[in-house]
Amino acid sequence: MAIERTLSIIKPDGLEKGIIGKIIARFEEKGLKPVAVRLQQLSQQEAEGFYAVHKERPFFKDLVSFMISGPVVLMALEGENAVAANREIMGATNPANAAPGTIRRDFATSIDKNTVHGSDSLENAAKEVAYFFRETEIHSYAWTEKK
Ligand code: IDP
Ligand code: MG
């Protein structure tokens with residue numbers, strides 16, 4: 001049993017749609033606990049730094065401008081195999097390809113406005129959590145079995 005931490009972001013479209021609670025419920029129902037949570041307006045510099053790995057991609061500019069178009073919710077999620085579990089709960093990048101019952105399939109509008117971000121590996125999860133949260137802002141608590 002590997003208890004991991006991963007970074008989740010509810011993107012501006014998730015806040016516009018008023019589904020912060022519904023998204024967090026999906027994580028909690030699957031045993032992923034938010035152990036750090038902050039609502040924040042990202043600056044352009046913060047968004048560019050966060051997505052630096054994508055800076056040569058054609059969609060980089062649009063991605064950054066979307067991510068700063070409104071506030072986001074930043075969360076560290078903790079639980080069993082949290083990195084892969086989060087990706088599974090989110091669904092595929094393009095909501096058209098996301099499996100039924102995933103956040104992106106149920107709530108996202110397009111590949112641009114795809115409602116959530118999730119770290120893609122344990123190594124990136126550690127970097128991404130540290131990008132937004134100090135260790136003193138993260139608080140583990142008793143967790144329950146996956147339902
Ligand atoms: P992921 O969010 O599922 O990990 P990545 O490939 O890491 O997907 O891409 C980061 C984000 O960039 C995506 O969530 C999406 O918002 C955006 N993105 C990825 N590919 C495209 C594309 O082909 N067109 C427009 N936006 C894209
Ligand atoms: Mg990614």
Side-chain angles (χ1 to χ4, degrees), residues 2-135 137-138 140 143 146-147:
I3 300 300
E4 299 173 351
R5 277 180 192 166
T6 190
L7 187 82
S8 170
I9 305 178
I10 305 178
K11 298 186 180 186
D13 62 310
L15 277 68
E16 261 173 43
K17 288 170 182 148
I19 54 171
I20 295 172
K22 285 183 180 169
I23 291 171
I24 294 179
R26 299 234 173 162
F27 295 132
E28 290 187 318
E29 282 160 6
K30 294 275 165 58
L32 294 185
K33 294 201 175 297
V35 291
V37 183
R38 185 168 71 246
L39 190 146
Q40 184 175 323
Q41 171 66 55
L42 298 180
S43 68
Q44 181 162 339
Q45 196 184 357
E46 281 169 326
E48 285 176 353
F50 182 74
Y51 280 118
V53 64
H54 294 307
K55 68 174 180 292
E56 306 303 335
R57 311 283 289 275
F59 56 80
F60 179 71
K61 240 184 122 187
D62 288 344
L63 174 60
V64 168
S65 50
F66 173 59
M67 291 301 286
I68 65 172
S69 66
V72 298
V73 174
L74 306 167
M75 292 185 283
L77 299 177
E78 187 178 85
E80 198 175 332
N81 299 317
V83 174
N86 181 31
R87 298 288 305 190
E88 209 177 306
I89 296 164
M90 288 163 57
T93 307
N94 187 342
N97 303 328
T102 61
I103 292 170
R104 283 168 166 172
R105 175 65 169 265
D106 292 348
F107 302 122
T109 332
S110 63
I111 194 167
D112 304 274
K113 297 186 175 180
N114 63 0
T115 315
V116 277
H117 166 86
S119 311
D120 63 4
S121 68
L122 197 52
E123 190 190 353
N124 285 336
K127 286 184 197 158
E128 292 182 358
V129 169
Y131 189 84
F132 287 119
F133 294 105
R134 290 190 294 267
E135 200 54 39
E137 295 175 308
I138 305 172
S140 299
W143 55 276
K146 194 191 266 187
K147 282 177 196 159

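Just so you know, ligand 1 is whichever comes first in the structure, and atom 1 is the first atom listed for that ligand.
For Thr93, heavy-atom contacts with ligand 1 shorter than 4.0 Å involve the backbone as well as the side chain. With a heavy-atom cut-off of 4.0 Å, Met67 does not touch ligand 1 at all. At a heavy-atom distance under 4.0 Å, no atom of Lys113 approaches ligand 1. Within the 4.0 Å heavy-atom criterion, the part of Lys11 lying near ligand 1 is the side chain and not the backbone.
Distance from atom 2 (O) of ligand 1 to its nearest protein heavy atom, with residue and atom name: Arg104 NH2, 3.1 Å. Of the protein's non-hydrogen atoms, the one nearest atom 14 (O) of ligand 1 is Asn114 ND2, 2.8 Å. With respect to atom 21 (C) of ligand 1, the closest heavy atom belonging to the protein is Phe59 CD2, 3.4 Å. Of the protein's non-hydrogen atoms, Arg87 NH1, 2.8 Å is the one closest to atom 4 (O) of ligand 1. Among protein heavy atoms, atom 9 (O) of ligand 1 sits closest to His54 NE2, 3.6 Å.
Atom-to-atom distance recorded for Ile24:CD1 and Arg26:CZ is 13.0 Å, nearest 0.5 angstrom. Atom CG of Asn81 is separated from atom CG of Asn86 by 12.0 Å, given to the nearest 0.5 angstrom.
The aromatic rings of Phe132 and Phe50 sit tilted relative to each other, their planes meeting at an angle between 30° and 60°.
Of the N or O atoms in His117, none lie within a sub-3.5 Å distance of an N or O in ligand 1. Polar contact with ligand 1: present for Ile111 (N/O pair, distance under 3.5 Å).
By the neighbour-count criterion of 12 heavy atoms within 6.0 Å, atom NZ of Lys113 is sparsely surrounded, having that number or fewer from other residues, nucleotides or ligands. Within a 6.0 Å radius of CD in Glu88, no more than 12 heavy atoms belonging to other residues, nucleotides or ligands are found. Applying the 6.0 Å contact sphere to CD of Glu137 captures more than 12 heavy atoms from other residues, nucleotides or ligands.
Contact of the Glu128 side chain with the Thr6 side chain is not registered, since no non-hydrogen atoms from C-beta on lie closer than 4.5 Å. Arg5 has its side chain within reach of Ser140: a pair of non-hydrogen atoms, C-beta onward, lies under 4.5 Å apart.
Using a 4.0 Å cut-off to heavy atoms of Asp112, the atoms of ligand 1 that qualify are 16 (O), 25 (C), 26 (N).
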